[in-house]
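Positions are given from 1, in the same order as the sequence printed here. Whatever order the structure lists them in is the order used to number ligands and atoms, beginning at 1.
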Amino acid sequence: MIDLTVQPQMKTKIILHLLKTTFGFDSFRPLQEKCILTVLDKKDTMLIMPTGGGKSLCYQIPSLIFDGLTVVISPLISLMKDQVTQLKELGVEAEVINSTLSPEEYNTNKGLVKSGRTKLLFVAPETLFKQDILEMLDQCKVDCITIDEAHCISEWGHDFRPDYRRIKDIRLNFPDAVFLAVTATATKRVRNDIITNLMLKVPVELIASFNRDNLFYEVVQKNRATDQTLDFLEKFKGQSGIIYCFSRKQVDALAADLNEYGFKALPYHAGLSSEVRNKNQEAFIRDDVPIIVATIAFGMGINKPNVRFVVHYDLPKNIESYYQETGRAGRDGLQSHCLLFFNPGDIAKIRYFIDQKPDEVQQRVAIDHLNAMVDFAESRTCRRIPLITYFGEDYTVENCGQCDNCVNIKEQTIDMSYEAIKFLQCISETEEMFGAVHVINVLRGSESEKVLNYNHNECRIYGKGIHLSLRQWQNLVRQFIQQRVIDKEEKYGVLSLNKKSYDVLSGKLLFKGYPPEPDKVKSKLKNVPRIMNYDDSLFNELRKKRKELADSKGVPPYVIFSDKSLLEMCQQLPKNKNEFMQVFGVGDQKLKKYGDMFLKIIKNYHN
Ligand code: ADP
Ligand code: MG
Ligand code: ZN
């Protein structure tokens, strides 16, 4: 057992040693070390870190050092099982107790915990409060209680679990246990709820940056979305990714299309039976199928680290969802891509749905969220600014080099007063009584029923704006509104003139805007950072071996080795066990179990 009264420097050495020998990693990620040290000092801690930031290590490492038990309360059975499988692969004594175990397994695991062999116990909150479990824990020395996904305690969080509220009741049962609450939800309200509800004692609050610097953000105008998706997937052959669609119907249609074009993809949405859903999810996790097309029902409870891309086929409902959904890419820290298709024409459709909401407050909130999302999509500055500042964090990097706007040479605004004046004249001639689409129709000389009924085909301005498409005009209208050159009434979207409009009309003020792109644009990117070469034959050989081992053990491939480990094997071409030990993710256990097998493949390839 490791002596905890040692000097701080010694503690740092010990945890670094465990990091390499047990987990195979060379260095800590931001805040991990700090968190581990405060937990070891038995100071209650709240850790806020984005998805993929590495929260698990912050209780896993202390659990190896404490001589008593660490209990991890987690809301999702699938995640608990996944983590226990991974920990066992690393030689860590971890067990799970929940309602899905058979009576035999349940009792075996209880026995292991009581015997003191188990270092880490994962339980669902409802299991924790069962009489026999509480009695079992009474007989143990509990050193740490970790509350994973601690936002579940808050009604303001996105998945409130009433059982989480009872956790504080067991505090008195474990006077020697330190409490560690971890979550990726950062809003102040949720944070405060966690602290008060858990009755954390003078908690240390550790808040990591929400910037995920291995994610590339890109927004593309959506026009022929299926073709655009196929173009995109062409660049990610054989790699794992998620495509989010708004509706179930769209999910089914797109999944079918992709398969027809030779991309293996499975659908996932709440309309499928739970059997089919589980089967499809499992196939994705096990790398049997690379692509999952899904509604937002997909993603909670999966921990797959090698998701290389997340596509949003439709506009997400708010920035937070967008951040969470794209956050499922690149948990392993490798370069990954987030693509959003944006069709300004969809805004009206979403508005229509929002208008159906019975409650006016709900409507307001939904409109605010929509506007923030549209601002994100239309932004010409770094995509990280709206994303990260949303969480109350400052972001001051000038060029992130990891988003479409930073990689492309910035377009300049140009004098677009000609278009602005035409548009303002058209609003004026139609007597400031219509929304954008009607005004554009008049400008473009449409013969729609509404235009003819109002005799707007007799306006002087009728047909004078035919040089731009409907979509291009819509883009301009948004710029007019953003720069307050016109006013837009909230409820029906009626456009009207204001003082600034008259300044533009009279030539006193120039309107400077970004020229809208011509239709049928493909991805604007020429120099997207290269992801990785999945065609590399050695990489493929190693992947095959990994898959074979995983299938024979009935675990997901990433439990054997992460993509990053395989990639480093290809780059470093280790020749012996010593060199193999230098590879990312290789600790004592992996070396012992798989070293020879993988070294042999590398050697054969080399010869
Ligand atoms: P979170 O719970 O914060 O979403 P996880 O704890 O699941 O994140 O960790 C995400 C991934 O990062 C895992 O694959 C994990 O093995 C890896 N990871 C965590 N810490 C480190 C580290 N210090 N070095 C390298 N990889 C790490
Ligand atoms: Mg986690
Ligand atoms: Zn940027």
> For atom 4 (O) of ligand 1, what's the nearest protein heavy atom and its distance?
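Residue, atom and distance for the closest contact: G52 N, 2.6 Å.
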
> Any side-chain donor paired with an acceptor under 3.5 Å for Q479 and E378?
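Absent: no donor and acceptor within the cut-off.
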
> In the protein, which heavy atom is nearest to atom 14 (O) of ligand 1, and how far is it?
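Result: P305 CB, 4.2 Å.
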
> In this structure, is the centre-to-centre distance between the rings of F561 and F598 below 6.0 Å?
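Between F561 and F598, which both carry aromatic rings, the centre distance is below 6.0 Å.
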
> Looking only at protein heavy atoms, identify the closest one to atom 5 (P) of ligand 1 and say how far it is in Å.
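Here the nearest protein heavy atom works out to S56 OG, 3.5 Å.
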
> To check your reading of the model: name the closest protein heavy atom to atom 17 (C) of ligand 1, its residue, and the distance in Å.
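For this ligand atom, the closest protein heavy atom is R29 NH2, 3.7 Å.
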
> Determine, for E282 against R286, whether the closest basic-nitrogen to carboxylate-oxygen distance falls under 4.0 angstrom.
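Here E282 pairs with R286 in a salt bridge, since their nearest N and O are under 4.0 Å apart.
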
> Any salt bridge linking E218 with R383? Criterion: basic side-chain nitrogen under 4.0 Å from a carboxylate oxygen.
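A salt bridge is absent here (no side-chain N lies under 4.0 Å from a carboxylate O).
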
> So if I apply the salt bridge (Lys or Arg N to Asp or Glu O under 4.0 Å) rule between D287 and each of K547, R543, R546, K544, which one comes out positive?
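For D287, the salt bridge (Lys or Arg N to Asp or Glu O under 4.0 Å) check succeeds only for R546.
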
> So which bit of A184 gets within less than 4.0 Å of ligand 1, heavy atoms only: side chain, backbone, both or neither?
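For A184, no heavy atom sits under 4.0 Å from ligand 1.
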
> How far is atom 3 (O) of ligand 1 from its nearest protein heavy atom, and which residue and atom is that?
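Residue, atom and distance for the closest contact: K55 NZ, 2.8 Å.
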
> Would you mind telling me if ligand 1 is within reach of the side chain of Q32, the backbone, both or neither, using heavy atoms under 4.0 Å?
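Near ligand 1, Q32 shows its side chain, while the N, CA, C and O stay back.
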
> Does the ring centre of F284 sit less than 6.0 Å away from the ring centre of Y268?
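Centroid distance Y268-F284: not below 6.0 Å, so no.
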
> Tell me whether the guanidinium CZ or amine NZ of R171 lies under 6.0 angstrom from the six-membered ring centre of F179 and within 45° of its axis.
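Relative to the ring axis of F179, which defines the angle, R171 lies inside both limits.
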
> List ligand 1 atoms under 4.0 Å from S27, heavy atoms only on the residue side.
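Atoms satisfying the 4.0 Å criterion: 22 (C), 23 (N), 24 (N).
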
> Please confirm whether F232 and H337 have ring centers closer than 6.0 angstrom.
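They qualify: ring centres under 6.0 Å apart.
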
> Is it true that F584 lies under 4.0 Å from ligand 1, counting heavy atoms only?
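In this structure, F584 qualifies as a contact of ligand 1 - some heavy atom is under 4.0 Å.
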
> Would the distance check show the side chain of Q402 and the main-chain N or O of D213 forming a donor-acceptor pair, the cut-off being under 3.5 Å?
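Checked: pair present.
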
> Indicate yes or no for a side-chain donor-acceptor contact from T45 to the backbone of K43 under 3.5 Å, with no hydrogens or angles considered.
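Yes, the answer is positive, given that a donor and an acceptor are paired below the 3.5 Å cut-off.
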
> Kindly report the SG-the Zn ion (ligand 3)-SG angle for C403 and C400 respectively, rounded to 10°.
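If I round to 10°, I get 110°.
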
> Please list the nearest protein heavy atom to atom 8 (O) of ligand 1 with its residue and the distance rounded to 0.1 Å.
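The answer is G54 N, 3.2 Å.
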
> Identify the closest protein heavy atom to atom 13 (C) of ligand 1: which residue and atom is it, and at what distance?
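Checking every protein heavy atom, the shortest distance to atom 13 (C) of ligand 1 gives R331 O, 4.7 Å.
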
> At a 4.0 Å cut-off, with the gap strictly under it, does some heavy atom of P50 reach an atom of ligand 1?
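The answer is yes, since P50 has a heavy atom less than 4.0 Å from ligand 1.
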
> Contact between D332 and ligand 1, counting heavy atoms under 4.0 Å?
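Distance cut 4.0 Å: D332 fails for ligand 1.
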
> For ligand 1, note which part of F25 has a heavy atom under 4.0 Å away: side chain, backbone, both or neither.
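The side chain, only.
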
> Please check if a non-hydrogen protein atom sits closer than 4.0 Å to atom 27 (C) of ligand 1.
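Yes, there is a protein heavy atom closer to it than 4.0 Å.
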
